[in-house]
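Below: one structure, written as structure tokens.
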Amino acid sequence: MTRLRLAHQQLPGVTVIAVIGEMDAANRAQLEAYIAQVQPSPMGQLVFDLSEVPFMDSSGLHVLLTCATNCLKNGGAVHLAAVQPMPTRLFELTGVLAHMPVHDTVEGAITAALAS
């Protein structure tokens, strides 16, 4: 199993989760468990720093979409930051860009999350 390296930062009003590695079926459960651990309530704003994610398959995409859906139902939102070319292509092909805001930088995503 390919393990992800995960880290988070709790800022006032927003949680930032940095993901390092390829997001795929082999580490989907690891990512889901980490999200549940660092954000037990989906009510807040969540930023995913994807600057170190060179590849993502549909399993990783599913985790992000599920998280976004849960956040939206509870008044929160998911923002994606610094997305690499291959995951960006996946987002374009699946129409995800219409449902989750994508920002060039983590700082931009944090600013947008706090403004919403």
Which is it for Ile110 and Val16 under the side-chain contact (heavy atoms from CB on, under 4.5 Å) test, yes or no, and what are the steps along the way? CA-CA 8 Å; Ile110 292 169; Val16 179; 3.7 Å; yes
For the backbone of Phe55 and the side chain of Glu22, can you confirm whether one donor and one acceptor N or O come within less than 3.5 Å of each other? no
Just wondering, do Leu46 and Val14 contact through their side chains at under 4.5 Å, heavy atoms? no
Does Phe91 form a side-chain contact (heavy atoms from CB on, under 4.5 Å) with Met100? I'd like the steps, not just the answer. CA-CA 9 Å; Phe91 295 159; Met100 278 190 282; 5.5 Å; no
Rounded to the nearest 0.5 angstrom, the CG-OH distance for Leu6 and Tyr34 is 6.0 Å
Judged by atom type as modelled, is there a donor-acceptor pair below 3.5 Å linking the side chain of Ser116 to the main-chain atoms of Ala113? yes
Verify whether one side chain among Thr15 and Gln10 offers a donor that lies under 3.5 Å from an acceptor in the other. yes
Glu52 side chain to Ala18 backbone, donor-acceptor under 3.5 Å: no
Could you tell me the separation between the OG atom of Ser58 and the CG atom of Asp24, rounded to the nearest 0.5 Å? 9.5 Å
Pick one: which of Val63, Asp57, Leu61 meets side-chain contact (heavy atoms from CB on, under 4.5 Å) with Ser59? Asp57
Do the side chain of Asn27 and the main chain of Thr2 share a donor and acceptor less than 3.5 angstrom apart? yes
Atom pair NE2/CG of His103 and Asp49 - distance to nearest 0.5 Å: 12.5 Å
Step-by-step side-chain contact (heavy atoms from CB on, under 4.5 Å) determination, Gln45 to Cys71: CA-CA 8 Å; Gln45 301 295 315; Cys71 285; over 6 Å; no
Taking the side chain as C-beta and beyond, is there a heavy-atom pair between Leu50 and Met56 under 4.5 Å? yes
Just how far is it from atom CD1 of Ile17 to atom CD of Gln37, taken to the nearest 0.5 Å? 9.5 Å
